[in-house]
Amino acid sequence: MPEKKKEKISDDEEIRELVVARLKLMSPGTVTSIGSMGTFTRDQLIERVEKGDEVGETVTNIEMEWLRALKDGIVRKLYE
Amino acid sequence: MSRLLITRPEHDYATRYLSYWSKDIIKAAIAKDIEVVDLHRGKAAKKELEGRLRKINPTFVVLNGHGSDECVFGHNNEELINAKTNSDLLKGRVTYAVSCNSAKKLGKACADKTTAYIGYNESFVFNMERQYLSQPLKDKRAAQFLKPSNQVSLSLIKGHTAKEASDSSKRLFSGTIKRLLPSINQNPHAREDVADLFWDMNHLVCEGNGGLRI
């Protein structure tokens with residue numbers, strides 16, 4: 001039986017659009033270091049998310065981890 | 001006597017920032033009479049690191065540089081430590097690796113009762129301002145990330161345990177997030193930085209014996 005291919009979070013069109021919308025709000029002067037993957041400008045990050053490559057996947061995971069935490073009440077927990 | 005061995009590769013923007021901001025760690029160690037071996041730039045090489053680990057036998061190791069699940073890299077991304085080949089060199093010490101993903105496999109490989117490995121099990125992410133790329137120490141945006149990162153080392157130097165140092169760093173990440181949250185709607189930097197700070201805070205882990213001191 002063929003192995004089930006692991007779905008990438010960045011394959012979800014809605015999630016990708018959400019992440020790109022958030023990235024577009026970043027100032028153009030921002031340069032982001034993402035570990036060993038390199039350093040990227042805002043526009044380069046947007047490109048990578050739209051492409052859905054490893055960098056895009058990581059950026060998507062970072063954004064979604066924060067958004068999920070917001071939904072789960074992280075702000076309240078932080079100020080407790 | 002405590003001894004600190006620190007690697008400071010400096011071949012791209014990220015490693016340059018880590019290298020510059022690590023000067024605070026070196027200063028703090030010297031102030032506490034901790035002997036410091038600074039493997040800067042080209043000295044952040046495998047042969048140099050292995051030799052110094054064996055000869056100097058430091059109690060505390062700080063590894064700056066890029067990483068993977070199994071490795072930590074040095075200057076020009078030369079592999080320094082690999083979970084499969086020479087991770088035993090980190091045994092019996094407290095290591096803090098500002099190296100992406102390395103806590104996932106390398107950290108677990110060397111962790112045991114006599115060893116603590118503090119590091120990240122995902123990418124370490126930080127934001128910089130373009131205007132300060134050539135002056136890392138003036139970059140207040142990057143400082144938001146690198147000060148909490150440095151707190152691991154500073155806390156260990158003060159005499160805290162590995163777990164306490166990791167928790168102290170997380171508190172600083174958390175404090176920075178709380179400080180930025182009220183301005184999140186007006187300040188685009190804040191909006192992006194809180195997500196990245198939250199990621200780093202969550203993925204900082206302490207493997208091995210968290211009760212160890214340096």
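In the text below, chain A, chain B and the rest are named by the order of the sequence lines, each starting its count at 1.
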Using side-chain heavy atoms (C-beta onward) and a distance below 4.5 Å, is [X] in contact with [Y]?
X: B:Phe124; Y: A:Ile34; value: no
X: A:Lys77; Y: B:Ser174; value: no
X: B:Glu122; Y: A:Glu65; value: no
X: B:Glu129; Y: A:Val31; value: no

Exercise. How far apart are the C-alpha atoms of B:Arg141 and A:Ser27, what are their side-chain angles, what is the distance that settles it, and do they pass the side-chain contact (heavy atoms from CB on, under 4.5 Å) test?
Worked result: CA-CA 12 Å; B:Arg141 197 144 170 225; A:Ser27 73; 4.2 Å; yes
Over 12 non-hydrogen atoms of neighbours within 6.0 angstrom of [atom1] in [X]:
X: B:Tyr132; atom1: OH; answer: no
X: A:Glu14; atom1: CD; answer: no
X: B:Lys105; atom1: NZ; answer: no
X: B:Lys91; atom1: NZ; answer: yes
X: B:Lys46; atom1: NZ; answer: yes
X: B:Glu50; atom1: CD; answer: yes

For this session: Below 4.5 Å from any heavy atom of chain A, which atoms of B:Asp196 appear? Answer side chain, backbone, both or neither.
Result: both
For this session: Below 4.5 Å from any heavy atom of chain A, which atoms of B:Phe126 appear? Answer side chain, backbone, both or neither.
Result: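 Both the backbone and the side chain of B:Phe126 come within 4.5 Å of chain A.
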Looking only at heavy atoms, which two atoms of [X] and [Y] are closest? And how far apart?
X: B:Ile177; Y: A:Trp66; value: CG2-CH2, 4.2 Å
X: A:Glu63; Y: B:Ala195; value: OE2-CB, 4.3 Å
X: B:Cys100; Y: A:Gly35; value: SG-CA, 2.7 Å
X: A:Ser33; Y: B:Ala14; value: OG-CB, 3.4 Å

Exercise. Can you tell me how far the CH2 atom of B:Trp199 sits from the CE atom of A:Met64, to the nearest 0.5 Å?
Worked result: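 One finds 12.0 Å between CH2 of B:Trp199 and CE of A:Met64.
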Exercise. Say you draw a straight line from CG of B:Asp200 to CD1 of A:Ile62; how long is it, rounded to the nearest 0.5 Å?
Worked result: 7.5 Å
Exercise. Has the side chain of B:Lys178 got a donor or acceptor atom that lies under 3.5 Å from a matching backbone atom of A:Leu78?
Worked result: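 The answer is yes, because a donor-acceptor pair under 3.5 Å joins these two groups.
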Exercise. Who wins among B:His189, B:Arg191, B:His203 for the most heavy-atom pairs under 4.5 Å with chain A?
Worked result: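 Answer, by heavy-atom pair count under 4.5 Å with chain A: B:Arg191.
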Seminar exercise, completed: Honestly, the part of A:Leu70 sitting under 4.5 Å from a heavy atom of chain B is neither
Exercise. What residue among A:Thr39, A:Thr30, A:Thr32 forms side-chain hydrogen bond (donor to acceptor under 3.5 Å, both in side chains) with B:Asn127?
Worked result: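 Result for side-chain hydrogen bond (donor to acceptor under 3.5 Å, both in side chains) with B:Asn127: A:Thr32.
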